[in-house]
Amino acid sequence: MPKEGFVNSITRQSEDFPGWYNDVVLKGELADYSPVRGCMIIRPYGYAIWESMQRELDAYIKATGHDNVYFPLFVPKSLLEKEAEHVEGFNPQVAWVTHAGGKPLDEWLAIRPTSEAIIADSVKDWIQSYRDLPLKMNIWNNVVRWELRTRLFLRTTEFLWQEAHTFHATKQEAEEEVATGLEGYRQVSEEWLAIPVIEGRKTDSEKFPGADFTWCIEAMMRDKKALQAGTSHMLGQNFARAADIEFLDTDNVRKHPFGTSWGFSTRMVGATIMAHGDDSGLVLPPNVAPVQVVIVPIFRKDEEKAAVAEAIDKFQAALAETPEGKAVRVKVDWRDDSPGFKYNHWELRGVPFRLEIGPRDVAAGQGMLVKRVDRSKEPVPLMQLAAELPARLRTYQAELLQRARDFQAENTHKVDTYQELKDGMEAEGGFYMAPWCGDAKCEKQVNEETGITIRCIPFDSPAEAGKCIVCDGPSERRVLFARAY
RNA sequence: CGGGGUGUGGCCUAGUUGGUAAGGCGCGUGCUUUGGGAGCACGAGAUCGUGGGUUCGAGUCCCGCCACCCCGACCA
């Protein structure tokens with residue numbers, strides 16, 4: 001437990017969740033504030049976590065047939081304005097370049113809030129025939145959205161993400177692509193970040209400006225609030241029409257292709273923090289942890305130090321004997337600090353396993369293995385551990401996912417009336433599955449009166465005749481209500 | 001943009017009726033240490049968020065601005 005008044009002590013999660021979050025991000029050295037309002041500096045440890053999920057998602061994107069590309073940061077005003085709903089939706093958040101080279105520009109340039117507009121315009125010459133389709137591209141880039149209120153990783157003025165943009169000959173193929181994008185996000189969230197998600201469709205009022213519909217994954221944080229973890233949009237022919245993209249189909253008729261776009265951002269670093277962390281700091285899933293095992297040597301005299309060093313060397317050599325073992329990210333902390341200091345240091349940073357090796361362990365040919373998530377300690381023979389470590393990391397990863405699933409399940413409730421929703425949210429927060437008629441007016445009323453939003457219409461919500469909690473109108477299925485980030 | 005709060009070495013804080021900035025942590029060097037945030041000694045480090053104003057004199061009083069945090073509206 002952190003000592004009272006210790007300089008690096010962090011706010012308790014239960015006392016002040018946002019305060020806890022900030023402490024973890026700043027003191028865990030994931031990110032820092034920047035001289036620019038609302039923007040963040042991602043530090044090495046935080047960036048390593050981003051790179052890990054980025055690599056994983058990039059592999060999925062490539063495996064599903066998308067090529068990485070790059071389009072400009074600047075979007076001419078006229079292009080951004082072509083799709084009416086799109087402009088209207090994004091205008092309040094766009095940063096404009098109005099001057100350059102010491103002179104006012106003839107045409108303002110938007111700093112991309114997203115790239116649909118410039119991509120649609122750019123590809124119109126590439127798509128002539130059905131033979132040019134599908135066109136499946138992906139960009140890793142930064143975008144800027146002028147946010148009123150920012151939070152490190154969760155919502156920053158500039159953020160890093162990936163945007164996939166695809167064009168298809170048929171509506172059906174585009175719809176399948178929307179599912180492909182969402183599935184990638186589900187896989188990375190659940191299998192890589194150990195964050196269980198609820199897949200569903202956004203209500204019309206929550207969909208992407210310019211899309212026909214938006215699919216999303218929603219995740220529960222440890223304060224029981226929801227976080228939108230990724231979105232996949234069916235753009236229909238909206239942008240193709242606006243940009244005049246046409247192709248000649250097999251039936252010799254000129255048609256607009258169907259588009260999709262999907263994005264996944266640095267917000268997911270924040271999701272990982274908030275989905276697993278505890279009062280001691282981060283709890284990272286092994287797959288994303290920049291350091292998976294930290295070895296803390298313990299010794300008094302030089303002879304002891306030498307013996308401990310030898311045991312560590314042998315352990316690492318044994319670990320490196322298999323390809324799987326070699327891939328384990330191990331760090332030996334030889335710094336000239338006390339063991340207790342190092343324990344706290346690495347716990348704050350969420351390292352899954354700590355291996356303490358001292359003179360007593362060397363004598364017994366073992367090490368003391370401590371699991372970050374529950375602080376359980378277990379003496380393990382070092383040679384055995386070298387063989388088992390990859391499997392233990394997999395088990396840890398699976399346990400973390402299960403723990404998050406259990407937490408989500410425990411805090412998800414079925415309610416049938418508006419009053420139950422309000423009372424439940426007031427009393428304990430969480431996710432609420434409740435009947436809704438589908439009318440935006442009812443959705444808006446709940447939001448205005450309580451701040452609760454419909455996160456999505458979950459795909460696995462079974463057909464169930466019911467009465468809308470607001471208007472008593474007929475409801476076909478329950479939808480997910482929650483407070484959200 | 002509205003409501004609330006905070007700004008003093010890297011971090012946490014003290015600073016009296018206004019008198020020229022103090023302590024702890026951290027940092028550097030040396031020695032002693034090391035199984036849950038080690039000890040001693042010496043040392044470096046501050047235009048008190050910022051711009052004005054009042055005053056002989058401002059960290060302190062007054063006004064403006066900025067940044068950050070919390071709550072709300074906008075949103076990945």
Side-chain angles (χ1 to χ4, degrees), chain A residues 1-11 16-23 26-27 29 32-40 89-94 113-114 142-163 185 202 205-209 214 216-218 227-233 261-271 280 296-302 304-305 308 333-348 354-362 367-368 370 375 377 379 447-448 450-451 453 483-485:
Chain A
M1 281 292 114
K3 275 186 186 171
E4 194 75 27
F6 179 68
V7 68
N8 277 336
S9 67
I10 54 180
T11 306
D16 174 9
F17 197 86
W20 168 85
Y21 178 81
N22 273 317
D23 282 351
L26 296 171
K27 290 172 179 166
E29 297 179 344
D32 217 335
Y33 294 110
S34 80
V36 184
R37 171 201 191 105
C39 293
M40 74 187 295
F90 275 106
N91 235 345
Q93 288 186 279
V94 174
T114 179
N142 58 340
V143 292
V144 167
R145 297 182 186 176
W146 218 252
E147 299 288 352
L148 299 179
R149 189 173 153 205
T150 58
R151 290 160 72 55
L152 294 167
F153 288 115
L154 300 176
R155 182 171 300 106
T156 44
T157 299
E158 177 190 22
F159 59 91
L160 306 184
W161 72 343
Q162 146 282 322
E163 21 176 341
Y185 298 158
K202 281 290 181 194
S205 49
E206 297 266 337
K207 75 176 172 64
F208 179 78
T214 291
C216 65
I217 53 174
E218 294 283 328
L227 183 75
Q228 183 177 131
T231 46
S232 186
H233 315 293
S261 67
W262 27 287
F264 179 100
S265 74
T266 35
R267 163 179 279 189
M268 289 309 286
V269 177
S280 296
V296 178
I298 295 158
F299 53 86
R300 291 164 204 270
K301 298 168 252 174
D302 283 351
E304 288 177 346
K305 183 176 181 181
V308 166
D333 189 352
W334 281 112
R335 288 179 302 170
D336 190 20
D337 289 299
S338 73
F341 176 88
K342 294 174 185 174
Y343 299 166
N344 285 283
H345 178 90
W346 294 109
E347 280 177 9
L348 170 59
R354 175 173 78 238
L355 181 60
E356 305 169 10
I357 302 180
R360 296 203 294 269
D361 300 307
V362 173
M368 189 63 76
V370 185
R375 270 214 188 82
K377 292 191 182 189
N447 185 19
E448 285 178 354
T450 65
T453 51
R483 288 194 201 282
Y485 277 94

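In the text below, chain A, chain B and the rest are named by the order of the sequence lines, each starting its count at 1.
- For the pair A:D336 CG and B:G28 C1', the computed distance is 13 Å after rounding to whole Å.
- Atom P of nucleotide B:C74 and atom CD of A:E448 are separated by 9 Å, given to the nearest angstrom.
- Atom CD in A:E304 sits about 12 Å away from atom P in B:U33, given to the nearest Å.
- With contacts defined as side-chain heavy-atom distances shorter than 4.5 Å, the pair A:I217/A:Q228 does not qualify.
- Atom pair A:Q93:CD and B:C1:C1' shows a separation of 15 Å (rounding to whole Å applied).
- Distance check on atom C1': B:A44 versus B:C1 gives 45 Å, rounded to whole Å.
- A side-chain donor from one of A:H233 and A:T214 sits under 3.5 Å from a side-chain acceptor of the other.
- Using modelled atom types and a 3.5 Å distance limit, the side chains of A:T11 and A:D23 yield a donor-acceptor pair.
- Across all strands, A:M268 comes closer than 4.0 Å to no nucleic acid atom at all (heavy-atom distances).
- Counting only Watson-Crick and G-U wobble pairs whose two key distances fall under 3.5 Å, RNA chain B forms stems of three or more stacked pairs at B:1-7 with B:66-72, B:10-13 with B:22-25, B:27-32 with B:38-43, B:49-53 with B:61-65.
- Taking the nucleotide of RNA chain B with the nearest heavy atom to each of A:G367 and A:T231, the more 5' of the two is matched to A:G367.
- B:G64 and B:G4 are spaced 14 Å apart, taking the P atom of each and rounding to whole Å.
- Checked by distance alone, A:D337 brings no side-chain donor or acceptor within 3.5 Å of a matching partner on the base of B:G37.
- By the 4.5 Å heavy-atom criterion applied to side chains, A:E356 and A:Y343 are counted as neighbours.
- Within 3.5 Å, a donor on the side chain of A:E347 pairs with an acceptor on the base of B:G36, or the reverse.
- To the nearest whole angstrom, the two C1' atoms, one in B:G28 and one in B:U16, are 35 Å apart.
- Nucleic acid contact class of A:L154 (heavy atoms, under 4.0 Å, all strands): base.
- In this model, no donor atom of one side chain and acceptor atom of the other lie less than 3.5 Å apart for A:R267 and A:T156.
- Rounded to whole Å, the P atom of B:C56 lies 25 Å from the corresponding atom of B:U50.
- Rounded to whole Å, atom P of B:C74 lies 18 Å from atom CZ of A:F208.
- For a distance-only test at 3.5 Å, the side chain of A:R300 fails to qualify as a donor-acceptor partner of the base of B:G35.
- A:W262 and A:Y185 have perpendicular rings, their planes meeting at more than 60° on a 0 to 90° scale where under 30° would count as parallel.
- Between the side chain of A:S338 and the base of B:A38 there is no donor-acceptor pair of N/O atoms closer than 3.5 Å.
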What's touching nucleotides 65-72 of chain B from the protein side, N or O pairs under 3.5 Å?
unit_1 : atom_1 : unit_2 : atom_2 : d
B:A67  : OP1    : A:R37  : NH1    : 3.0
B:A67  : OP2    : A:R37  : NH1    : 3.2
B:C68  : OP1    : A:G38  : N      : 3.1
B:C68  : O3'    : A:Y33  : OH     : 3.3
B:C69  : OP1    : A:Y33  : OH     : 3.0
B:C69  : O3'    : A:N22  : ND2    : 3.4
B:C70  : OP1    : A:R151 : NH1    : 2.6
B:C71  : OP2    : A:R149 : NH2    : 2.2

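- Atom CG of A:N344 and atom C1' of B:A38 are 13 Å apart (whole Å).
- Within 4.0 Å (heavy atoms only), A:P359 reaches at least one base atom of the nucleic acid.
- Counting heavy atoms from C-beta on, the side chains of A:V308 and A:P297 come closer than 4.5 Å.
- Residue A:T156 is classed as a base contact, given a heavy-atom separation below 4.0 Å to a base.
- Using atom C1' as the reference point in both B:U47 and B:U29, the two lie 29 Å apart (nearest Å).
- Of the residues near RNA chain B, A:G358 and A:K207, the one whose nearest nucleotide (by heavy atom distance) lies more toward the 5' end is A:G358.
- Separating the C1' atom of B:C61 from that of B:U54 is a span of 8 Å, rounded to the nearest Å.
- Aromatic ring centres of A:F90 and A:F208: separated by under 6.0 Å.
- The base of B:G36 sits with one of its N or O atoms less than 3.5 Å from a complementary donor or acceptor on the side chain of A:K377.
- Comparing B:U6 with B:A14, their P atoms are spaced 11 Å from each other, to the whole Å.
- One interatomic measurement links the two molecules: CD of A:E206 to P of B:A76, which rounds to 8 Å at whole-angstrom precision.
- Counting only heavy atoms from C-beta on, A:E147 has its side chain closest to B:C74 among B:C74, B:G35, B:G36.
- Under the rule for a ring pair (Phe, Tyr, Trp, His ring centres under 6.0 Å), the partners of A:F17 that lie at least two apart in sequence or sit in another chain are A:W20.
- Between the CD1 atom of A:I10 and the P atom of B:C12 there is a distance of 15 Å, given to the nearest Å.
- If you take atom P in B:U60 and the same atom in B:G9, they sit 14 Å apart, rounded to whole Å.
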